[in-house]
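Reading through the structure tokens given below for one structure.
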Amino acid sequence: MNALNQSKQEIEALLAQLTSIDYRFTRPFTSRENYSNEQPTEKLLKAIILDTETTGVDHAKDRIIELGMVLFEYSPTTGQVYRVLETFNELEDPGMPIPPESTKVHGITDDMVQGKRINEDKVKALIAEASLIIAHNAKFDRIFVEERFPYFADKAWSCSFAQMPWTEEGLGTSKLEFLAYRYGFHYDAHRASNDCHALLEVLQQDLPESGVKALLRLLENARTKDYKVSALNSPFESKDVLKARGYRWDAERKLWSTYIAMQLLDQEVEWIRGAVYNQRSFKLELEKIDAFNRFSVRQGPIQVSEY
């Protein structure tokens with residue numbers, strides 16, 4: 001054992017020397033249960049990092065085959081995680097063959113899930129403790145889990161993929177495996193709880209440009225409230241200016257829509273008044289978007305306002 005420890009120390013010393021001359025190394029990831037031994041100065045909150053593995057990407061026909069969750073406690077003002085309280089990981093038989101192309105991604109086979117079912121009571125009890133659900137692609141995971149476990153619809157959600165400025169911070173991509181590499185570790189990806197623990201580790205790192213802890217920035221972004229603004233009966237000739245502004249055409253409803261922060265609504269109304277409706281009166285459909293309906297197929301409260 002002493003020889004082994006000495007060997008590890010020698011390897012660490014060598015890596016330190018190589019790192020100092022612009023080599024980059026990654027270490028195998030080992031999940032942590034404790035992130036801080038300091039006494040918290042405020043009441044801690046609890047959150048869950050969640051990940052699913054599925055038979056495919058079509059929410060209408062595919063099914064969850066693995067659900068992973070990591071419950072942890074954190075400071076809402078600093079983003080510091082203190083303890084991992086529980087790790088949950090269970091498989092489920094989807095009642096259909098798992099396509100080979102899906103198995104290539106996550107390695108889960110029909111034999112592994114045969115006859116298994118995720119314990120709904122455990123899932124419900126676990127999420128009851130959390131004030132926030134975090135997923136690295138919430139637009140994907142939220143729809144699947146709300147379909148399978150409807151009580152997830154009552155929780156606030158955030159997305160560490162879409163609601164984080166990874167690229168602006170100089171990290172180049174939002175892909176979790178690459179973020180792990182940039183922060184010095186590698187792990188076995190595409191198994192649910194492994195991905196959850198790896199994401200938690202990434203969220204405890206400081207962002208390169210701003211120096212802010214990643215989880216704190218995510219919490220700030222999760223608290224934002226937006227409007228989905230839809231321009232009703234907009235003139236046909238305004239399509240180019242709307243597109244340039246970031247509006248998207250909804251062919252089914254035949255209108256242009258975009259998302260803006262609530263505090264920017266007055267500015268947007270003045271822009272639309274001049275650029276789209278040529279100072280004439282007009283109507284906007286406003287859908288409220290917050291952490292409780294963002295990334296879900298469920299609509300938020302909708303109102304039509306005349307200006």
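One is the number of the first residue; the rest follow in order along the sequence.
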Shared-cluster residues of L216, by chain and number - hydrophobic side chains joined below 4.5 Å: V212
Considering all heavy atoms, the nearest E146-S296 contact: OE1-OG, 3.1 Å
ring-ring contact (aromatic ring centres under 6.0 Å, His included) contacts touching residues 26-47 (sequence neighbours left out): F29-F185
Sequence neighbours excluded, every pair satisfying ring-ring contact (aromatic ring centres under 6.0 Å, His included) that has a member inside residues 73-113: F72-Y74
For the student: nearest non-hydrogen atoms of S238 and V276, plus distance: OG-CG1, 3.6 Å
Any side-chain donor near an acceptor of the partner, S257 and D250, under 3.5 Å: no
Any side-chain donor near an acceptor of the partner, Q303 and S305, under 3.5 Å: yes
Test item: E209 and E168 side chains (from C-beta on) under 4.5 Å apart, heavy atoms: no
4.5 Å side-chain heavy-atom contact, Y247 and V229: yes
Mutual orientation of the aromatic rings belonging to W256 and W249 [parallel < 30°, tilted 30-60°, perpendicular > 60°]: tilted
Sequence-distant partners of N221, side-chain contact (heavy atoms from CB on, under 4.5 Å), two or more places apart: Q163, P165, R217
Shared hydrophobic cluster for L232 and I272 (ILVMFWY, side-chain gaps under 4.5 Å): no
Pairs meeting criterion ring-ring contact (aromatic ring centres under 6.0 Å, His included) with involvement of residues 191-237, two or more places apart: none
Linked hydrophobic residues, L91 as query - side chain contacts closer than 4.5 Å: I65, I98, I108, M112, V113
